[in-house]
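Note sheet for the following structure.
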Amino acid sequence: MDFFEAQDDARKKTGWLLWLFLLCVIGVVVSVSLLSWGVGILLGGALPLELQILIGLGSGALIFVASGFKAMQLRGGGGVVARDLGGRLVDPSTTESQERKLLNVVEEMAIASGVPVPQVYVMDDQEGINAFAAGTEPGNAAIGVTRGCMMRLNRSELQGVIAHEFSHILNGDMKLNMRLIGWIFGLVVLSIMGRGLLESLRFVRVGGNNRDNNGGGAILLAILAVGVGLMIIGGIGVFFARFLQAAVSRQREFLADASAVQFTREPEGLAGALMKIGSEGSKIATAKASEASHCFFADGGMFAFGFATHPPLALRISRIQKDWDGKFADGEIPAIAEKSSRASAGTDSRVSGFSSGESGGLSNPARVSHERGRRIKEDLPIEWQSAVHHRDEAQSLIFGLLLAQDQRMRRGEVALLQRDAGEAAAELALRWQRELGESHSARKIALIDLAVPTLRNLSRIEYERFVGITRELISSDGRVDVFEFMLQRLIEHHLDGHFGRHGVRRIRYHHLKDLSSEAEVLLSAFAHLNPDPAASFAEGFERLEITSGSLLPPDKISLKEIGQALERLELASPLVKRDLLQACTRSVAADERLSSREAELLRAMADSIGCAIPPWVEELKMVG
């Protein structure tokens with residue numbers, strides 16, 4: 001299973017779904033025009049044709065305005081959806097046993113898949129077993145679970161559900177689902193208006209004389225007719241909305257189930273969660289659940305007019321467990337004061353999953369392993385895991401990673417920190433640098449991913465200061481290191497979406513030949529990491545679908561050019577990004593070894609253009 005191909009497929013679905021949405025709007029416009037004609041007759045005379053057309057077009061404009069308004073709201077990320085559904089943000093430093101179990105699973109999966117840790121929400125009032133993932137990009141993603149999901153599932157089953165939601169993030173479904181929420185809101189807005197008009201009837205008062213009674217009765221009748229008509233036409237809009245949701249959701253759910261099994265390597269966990277849903281239910285009892293029904297792990301219990309957004313439970317379970325006996329399982333509420341479940345796997349002097357010969361990464365992106373993420377997280381000292389959940393420590397961690405190794409240069413950077421962040425922040429940054437100096441890239445990037453939810457809690461002013469300091473740190477010595485540059489871009493990429501510093505990026509480049517100069521710059525930059533740059537460049541270049549290109553000398557590869565190349569590559573299609581990343585991987589690993597620093601650079605570069613790469617191995621054996 002190739003996540004890049006899945007993302008590209010999701011992108012293509014957006015195109016034909018947009019056409020379906022436009023057809024739905026046309027159908028609603030025609031229906032509203034016919035309604036205005038009927039209301040005119042009811043009031044004593046048909047409305048002029050021009051007015052009927054104008055009313056119909058006005059309804060279409062209302063749909064587009066409502067969709068645009070909802071889309072603007074959703075630019076705030078998955079947290080907007082989670083809060084609309086009644087979700088409560090879980091404190092990253094919580095000590096409540098079930099919340100801690102949930103956060104551990106989410107953090108482990110984030111480390112394993114190479115995406116920043118999403119915000120985690122719990123819908124406390126929902127006792128059904130359900131979950132969702134929402135967001136316009138991984139940097140502002142949110143995962144929400146119901147109270148029933150958190151309480152009634154054991155750790156293995158919860159891992160299956162969370163892996164399913166992470167696959168929606170990696171497959172590109174999450175972004176598609178967010179667009180669909182905006183379109184659906186536009187289609188149902190007429191139904192909302194009709195309901196509002198009908199509810200307003202209780203405030204209408206009829207006058208005391210006959211003339212007033214006749215006039216009041218006519219007004220009452222008109223409001224009733226318009227309200228009922230809008231409800232009916234809104235029902236048509238809702239019908240089309242359910243059709244759109246079903247069109248996009250069902251097959252993507254099968255794909256997410258298959259991905260989840262690959263992530264966890266435990267099909268029993270996901271199957272067990274689905275079996276408990278068959279017994280306990282998955283209903284979401286909130287008014288706004290229908291808009292997001294296609295985002296849920298299982299059917300939210302909304303009336304779908306025959307267009308179910310999810311495949312039948314029995315079919316999903318039988319695809320995962322071929323020998324399923326057809327029986328559902330009861331969910332059990334955990335004991336009071338149950339200890340937070342911590343995995344008891346044995347420790348190893350190496351970070352698990354990094355022994356030579358275990359290949360992964362871009363040659364087979366499906367090799368995301370939850371077990372690997374769990375062991376990487378467990379390999380981190382407990383005090384580190386606790387520290388990244390505190391605002392001061394999380395910021396100082398990033399500062400420490402950006403401090404220069406050269407003592408003379410570092411003195412100037414420490415003075416800068418003392419001036420802009422304070423004495424305590426400078427001391428913390430120095431401590432982090434000492435402790436992380438020789439750590440493997442997987443541990444460093446895991447800490448960054450774990451720190452992201454904490455950094456999202458900064459105020460806008462604090463975030464602007466934080467970004468300003470990171471930029472000053474990498475340029476203070478006048479010689480910006482490529483790794484520092486990539487790392488700084490990675491951090492901003494994770495956080496800018498949350499803080500609204502950039503809009504939704506549209507794909508502009510579908511062929512690598514349109515980005516040949518950018519590919520040349522990046523491939524040359526990575527080739528110079530090897531003792532034989534020419535051979536390294538040739539090794540990577542043969543993977544590209546471009547006919548001409550040559551190794552650039554180091555003095556022709558400025559950080560400004562690298563930055564511009566990354567910005568344009570961020571607008572490329574998923575398959576173009578995949579091809580370039582594979583070429584860079586082959587280039588940097590031409591000597592059949594992938595050092596920790598090379599891995600840091602590759603993952604930071606991939607992350608800065610919107611690609612998630614799982615943790616790398618210490619020694620890369622080329623495949624394919």
**Message:** Would Tyr463 and Asn457 count as a side-chain hydrogen bond (donor to acceptor under 3.5 Å, both in side chains) here? Give the steps.
**Reply:** CA-CA 9 Å; Tyr463 179 62; Asn457 291 328; over 6 Å; no
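- In plain terms, the two heavy atoms of Ser318 and Leu315 that are nearest each other are OG-O, 2.9 Å.
- Side-chain contact annotation: Gln159 with Arg155, donor-acceptor N/O pair under 3.5 Å present.
- Other residues, nucleotides and ligands contribute only 12 or fewer heavy atoms inside 6.0 Å of the CZ atom of Phe69.
- The closest side-chain donor-acceptor pair between Asn154 and Ser156, if any, does not fall under 3.5 angstrom.
- Of all the heavy atoms in His494 and Val452, the pair that sits closest is CD2-CG2, 3.9 Å.
- Taking the side chain as every heavy atom from C-beta outward, Arg443 and Leu436 never approach each other to under 4.5 Å.
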**Prompt:** Run the side-chain hydrogen bond (donor to acceptor under 3.5 Å, both in side chains) check on Asn140 and Thr136 step by step: do they pass?
**Reply:** CA-CA 7 Å; Asn140 62 27; Thr136 60; 2.8 Å; yes
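- The aromatic rings of Trp324 and Phe328 lie tilted to each other, with the angle between the two planes from 30° to 60°.
- A distance-only check finds a donor-acceptor pair linking the side chain of Asn130 to the backbone of Ser282 [under 3.5 Å].
- Side chains of Ser259 and Gln262: no donor on one and acceptor on the other come within 3.5 Å.
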**Message:** Show, in sequence, the C-alpha distance, side-chain angles and deciding distance for Met605 and Leu581, and conclude whether the side-chain contact (heavy atoms from CB on, under 4.5 Å) test is met.
**Reply:** CA-CA 9 Å; Met605 175 261 196; Leu581 288 172; 3.3 Å; yes
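- Annotation: side chain of Arg374 is in contact with side chain of Glu378 (closest heavy-atom distance under 4.5 Å).
- Across all their heavy atoms, Leu74 and Val81 have their closest contact at CD2-CG2, 3.6 Å.
- Scanning both residues, Ala131 and Val145, for their nearest heavy atoms gives CB-CG1, 3.9 Å.
- Under the 4.5 Å side-chain criterion, counting only non-hydrogen atoms from C-beta, Tyr121 is not in contact with Val90.
- Counted by atom type alone, Thr94 and Glu99 present one or more donor-acceptor pairs between their side chains at under 3.5 Å.
- At a threshold of 4.5 Å between non-hydrogen side-chain atoms, the residues Arg147 and Arg88 count as touching.
- No side-chain N or O of His294 forms a donor-acceptor pair with one of Glu253 less than 3.5 Å apart.
- A search for side-chain hydrogen bond (donor to acceptor under 3.5 Å, both in side chains) contacts involving Arg434 returns nothing, not counting sequence neighbours.
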**Request:** Please lay out, stage by stage, how Asn104 and Lys377 fare under the test side-chain hydrogen bond (donor to acceptor under 3.5 Å, both in side chains).
**Result:** CA-CA 9 Å; Asn104 284 338; Lys377 183 171 184 284; 3.1 Å; yes
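- Looking at Ser167 and Leu255, their side chains never come closer than 4.5 Å, going by heavy atoms from C-beta outward.
- A salt bridge links Lys70 with Asp84; the closest basic N to acidic carboxylate O contact falls under 4.0 Å.
- Under the 6.0 Å distance and 45° angle rule, Arg316 counts as a cation-pi partner of Phe297.
- Of the possible polar contacts, none joining the Ser279 side chain to the Lys276 backbone as a donor-acceptor pair under 3.5 Å is found.
- Classification of the Phe296-Phe132 ring pair by plane angle, with boundaries at 30° and 60°, yields perpendicular.
- The two residues Ile169 and Met174 have their closest heavy-atom pair at CG1-SD, 3.7 Å.
- Contact annotation: the side chain of Pro92 never approaches that of His390 to less than 4.5 Å [non-hydrogen atoms, C-beta and beyond].
- Side-chain contact check for Gln433 versus Leu401: every heavy-atom pair is 4.5 Å or farther apart.
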**Item:** Candidate pair Glu137 and His493, rule side-chain hydrogen bond (donor to acceptor under 3.5 Å, both in side chains), full reasoning
**Value:** CA-CA 10 Å; Glu137 58 184 86; His493 187 271; 4.8 Å; no
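- Nearest approach of Ile129 to Thr146, heavy atoms of both residues: CA-OG1, 3.8 Å.
- Checked against Glu393 for a side-chain contact (heavy atoms from CB on, under 4.5 Å), the options Leu428, Val388, Thr454 give a single hit: Leu428.
- Few gaps surround CG on Asp124; more than 12 heavy atoms of other groups in view lie less than 6.0 Å from it.
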